[in-house]
K.L.:
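Would you mind keeping the following structure in view while I ask a few things?
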Amino acid sequence: ASSASTLPQPEPAAPATPSLEATPLQTFDVFVSFRFREAWQPSLALKAALEKQGCTVFVCDVEPGDDIATRIIDAMTSSTLCVIMGTTTYGYKPNVVIARTMS
């Protein structure tokens, strides 16, 4: 008899708990990036027009308090094309103060 048979055997691993990483991401043809206050309605109109042409389209509709960053990153990385609905303040960060120096 070999000494390996007398060693304690590891317990079976517990079943993995479901996680977002274990779930396949939904894929989209088009990811629409926009500023909620300025381009919500035009984004929905674009989505409807693209879907009419057979495209799958992501327009963020995350409720306040939900994990918007994860949802957007997942959708963006699983999309083929990104359309930016450029508006006056798209990309503007209202809480960021930029210091200027006078030369």
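Here, residue 1 is the first one in the sequence, and each next residue gets the next number.
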K.L.:
Please answer: with hydrophobic residues joined when any side-chain heavy atoms are less than 4.5 Å apart, are V32 and M76 in the same cluster?
P.N.:
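In one cluster: yes.
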
K.L.:
Using the test side-chain contact (heavy atoms from CB on, under 4.5 Å), find all partners of I68 that sit at least two apart in sequence or belong to another chain.
P.N.:
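Counting only residues at least two positions away or on another chain, I68 forms a side-chain contact (heavy atoms from CB on, under 4.5 Å) with F36, C60, V62, I72.
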
K.L.:
Among residues at least two apart in sequence or on other chains, which ones pass side chain to side chain donor-acceptor pair (under 3.5 Å) with T87?
P.N.:
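With neighbours one apart ignored, the set is E38.
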
K.L.:
Scan the side chains in residues 42-53 for donor-acceptor partners under 3.5 Å anywhere in the protein, sequence neighbours excluded, and list what turns up.
P.N.:
unit_1, atom_1, unit_2, atom_2, d
S43, OG, A39, O, 2.7

K.L.:
Taking side chain to side chain donor-acceptor pair (under 3.5 Å) as the test, write out the residues that go with T56, two or more places apart.
P.N.:
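T56 satisfies side chain to side chain donor-acceptor pair (under 3.5 Å) with D29 once adjacent residues are dropped.
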
K.L.:
By ring pair (Phe, Tyr, Trp, His ring centres under 6.0 Å), which residues pair with F58, not counting sequence neighbours?
P.N.:
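For F58, the residues satisfying ring pair (Phe, Tyr, Trp, His ring centres under 6.0 Å) (neighbours in sequence not counted) are F28, F31.
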
K.L.:
Would I84 and V59 show up in the same hydrophobic cluster when neighbours are defined by side-chain heavy atoms closer than 4.5 Å?
P.N.:
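Different clusters: I84 never reaches V59 through Ile, Leu, Val, Met, Phe, Trp or Tyr contacts under 4.5 Å.
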
K.L.:
Restricting to side chain to side chain donor-acceptor pair (under 3.5 Å), what partner residues turn up for S79, sequence neighbours left out?
P.N.:
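Here no residue qualifies.
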
K.L.:
Distance from Q41 atom CD to F34 atom CZ, nearest 0.5 Å?
P.N.:
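One finds 10.0 Å between CD of Q41 and CZ of F34.
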
